[in-house]
**Student:** 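My structure is below; once you've seen it, I'll send some questions.
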Amino acid sequence: MPQPGGYPMVPYPPQGAYGDPSQPPPPVGFNMGYQPQPGQPVMYQPGPVGQGPVPGQGPMPGPEYTGGKEYGGAPEYGGAPEYGGVPEYSGPPGGISPAPASAPAVVPVGVPPGLEYLAQIDQILIHQKVELLEAFIGFETNNQYEIKNSMGQKIYKAKEKNDCCTRNCCGSLRSFDMKIKDNMDREVIRLIRPFRCVSCWCPCCLQEMEIQAPPGTTIGYVKQDWHPCVPHFSIQGANKETLMKLEGPCFACNCCGDVNFELKAKSGGKPIGRISKQWSGLLKEVFTDTDNFGIQFPLDMDVKMKAVLMGACFLIDFMFFEKVGEANQRSTVFS
């Protein structure tokens, strides 16, 4: 039947299509008898919104994944690489979790707020900032540090809180509070170092540091153990129970090389981690006291102990690599 415009009209309903009593009823949302003309865009009528599953039928099947892992499951871990080596990543660098820019929606149980990111990494880089006033005239200022992941992204920042008299009179033995803040400027860790002796000739008053996370809640201690030749430290829990040991070289001086402090289990044995004072270059080592450190630890280590190792790194920096004015930095436990 011709229509205005010259388009023939298909008789309704077409034979053998929906509308034929011998055919099943059309599904919801289907426009019966619709046949688009050549060159004419195809448009579909949307079904009703919010309609649940049809009674008597199961839920609609989801997409099938043939090669991936079930969503939410942990990736398969083929074992830790041999200590000292670099782990191999099969994916692009983007597979490493970037530095957090905001607080996570769900905080893991037992993890202090602000330390969730530490559960995803096995190494930390600590860079001390260059203080121009200190470099030019030798006036000691509060130390400041940037704490980064293995990709160089800043995850925390640390700043010493002290007064001018204590810094310049007590030198590297000075007591201090250090605040460690995240990228949202929230204080997540506080380090407290009391004034203590540093020589092995005074075994009753050796170095100690308390680590709090969050501030006001003690999660561990770092205590120097007496030894006549080698710097030894105990990594302790909140109840001052020794969990790990940290052992340094007899002569802690980085002359064109790194100085390593090996992390071991309480009973000793093979190293399970390391704190390294990295060589910063001749000019920086001679004319400034800015230091670079690297911390390595097992990926599955308790997040609180990772924070305690950060405190141990700062204590080692002040004990052996802090230079105040004309005083030379210490190199052994004797001085």
Side-chain angles (χ1 to χ4, degrees), residues 100 103-104 107-122 124 126 142-145 147 155-163 166 170 172-198 203-226 231-248 261 263-266 272-273 275 293 295-298 300-319 322:
V107 178
V109 178
V111 176
L115 303 187
E116 299 85 5
Y117 184 71
L118 292 181
Q120 308 174 34
I121 56 178
D122 59 359
I124 294 175
I126 299 180
N142 285 324
N143 287 359
Q144 299 185 58
Y145 304 83
I147 304 172
I155 55 179
Y156 301 108
K157 57 184 178 181
K159 184 176 182 179
E160 174 191 0
K161 181 182 179 182
N162 219 327
D163 59 86
T166 302
C170 299
S172 61
L173 298 179
R174 63 185 183 264
S175 61
F176 63 81
D177 288 359
M178 182 173 292
K179 296 182 178 181
I180 300 180
K181 299 182 178 181
D182 60 8
N183 290 333
M184 293 176 289
D185 208 37
R186 301 180 306 170
E187 183 180 357
V188 295
I189 303 175
R190 180 173 296 176
L191 309 179
I192 302 175
R193 182 200 187 191
F195 181 81
R196 290 286 189 273
C197 180
V198 76
C204 60
C205 193
L206 295 178
Q207 289 294 306
E208 179 181 341
M209 178 174 285
E210 178 184 354
I211 296 89
Q212 299 179 353
T217 303
T218 301
I219 61 172
Y221 297 86
V222 180
K223 298 191 68 174
Q224 181 187 4
D225 298 329
W226 184 87
H232 277 204
F233 299 90
S234 291
I235 307 299
Q236 301 179 338
N239 297 322
K240 294 193 174 181
E241 70 280 10
T242 300
L243 302 176
M244 292 173 287
K245 294 286 188 177
L246 196 61
E247 181 178 331
F261 292 76
L263 179 67
K264 299 181 180 181
K266 178 182 177 180
I272 59 175
I275 296 179
F293 287 88
I295 307 177
Q296 300 178 21
F297 38 70
D300 58 352
M301 177 181 284
D302 185 4
V303 169
K304 297 178 182 179
M305 290 300 102
K306 293 181 181 181
V308 173
L309 288 178
M310 291 172 57
C313 181
F314 288 114
L315 181 60
I316 290 173
D317 181 30
F318 275 86
M319 287 181 60
E322 180 75 2

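Note that the structure is predicted; figures quoted are calculated from it, not measured. Residue numbers run from 1 in the order of the sequence given.
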**Student:** Does E116 reach the main-chain N or O of G114 with its side chain, forming a donor-acceptor pair under 3.5 Å?
**Tutor:**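 Confirmed, E116 side chain pairs with G114 backbone.
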
**Student:** Mind checking what makes ring pair (Phe, Tyr, Trp, His ring centres under 6.0 Å) contact with Y145, not counting sequence neighbours?
**Tutor:**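 Here the qualifying residues are F314.
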
**Student:** Identify, with sequence neighbours excluded, every residue that meets ring pair (Phe, Tyr, Trp, His ring centres under 6.0 Å) alongside F176.
**Tutor:**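 For F176, the residues satisfying ring pair (Phe, Tyr, Trp, His ring centres under 6.0 Å) (neighbours in sequence not counted) are F318.
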
**Student:** Can you name the side-chain hydrogen bond (donor to acceptor under 3.5 Å, both in side chains) partners of D185, sequence neighbours left out?
**Tutor:**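 D185: side-chain hydrogen bond (donor to acceptor under 3.5 Å, both in side chains) contacts with K157.
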
**Student:** Find the distance between CD (Q224) and CG (L315) and round it off to the nearest 0.5 Å.
**Tutor:**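 Between atom CD of Q224 and atom CG of L315 there are 7.5 Å.
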
**Student:** Got a sec, which residues hit side-chain hydrogen bond (donor to acceptor under 3.5 Å, both in side chains) with T217, two or more places apart in sequence or on another chain?
**Tutor:**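 Per chain and number, T217 pairs via side-chain hydrogen bond (donor to acceptor under 3.5 Å, both in side chains) with no residue.
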
**Student:** Holding to side-chain hydrogen bond (donor to acceptor under 3.5 Å, both in side chains), I want the full list of residues that pass it with N162, two or more places apart in sequence or in another chain.
**Tutor:**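 E160.
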
**Student:** With Y221, which residues qualify under ring pair (Phe, Tyr, Trp, His ring centres under 6.0 Å), at least two apart?
**Tutor:**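 Y221 satisfies ring pair (Phe, Tyr, Trp, His ring centres under 6.0 Å) with no residue once adjacent residues are dropped.
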
**Student:** Quick check: does any side chain N or O of R193 sit under 3.5 Å from a backbone N or O of R174, one acting as donor and the other as acceptor?
**Tutor:**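 Flag set: sc R193 to bb R174 pair under 3.5 Å.
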
**Student:** Under the rule for salt bridge (Lys or Arg N to Asp or Glu O under 4.0 Å), what residues qualify as partners of K306, not counting sequence neighbours?
**Tutor:**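 K306 satisfies salt bridge (Lys or Arg N to Asp or Glu O under 4.0 Å) with no residue once adjacent residues are dropped.
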
**Student:** Please list, chain by chain and in numerical order, all residues satisfying salt bridge (Lys or Arg N to Asp or Glu O under 4.0 Å) with E241, sequence neighbours excluded.
**Tutor:**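 By the salt bridge (Lys or Arg N to Asp or Glu O under 4.0 Å) rule, E241 matches no residue at all.
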
**Student:** Please enumerate all residues that pass side-chain hydrogen bond (donor to acceptor under 3.5 Å, both in side chains) together with D225, with sequence neighbours excluded.
**Tutor:**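 Listed in chain order: S234, K245.
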
**Student:** Which residues satisfy the side chain to side chain contact (heavy atoms under 4.5 Å, CB included) test with A307, sequence neighbours excluded?
**Tutor:**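 Per chain and number, A307 pairs via side chain to side chain contact (heavy atoms under 4.5 Å, CB included) with L115, I189, I219.
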
**Student:** Using the test ring pair (Phe, Tyr, Trp, His ring centres under 6.0 Å), find all partners of Y156 that sit at least two apart in sequence or belong to another chain.
**Tutor:**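 For Y156 there are no ring pair (Phe, Tyr, Trp, His ring centres under 6.0 Å) partners, ignoring immediate neighbours.
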
**Student:** If every non-hydrogen atom of G237 is compared with every non-hydrogen atom of M305, which pair is closest and at what distance?
**Tutor:**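 Minimum heavy-atom contact is CA-CE, 4.3 Å.
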
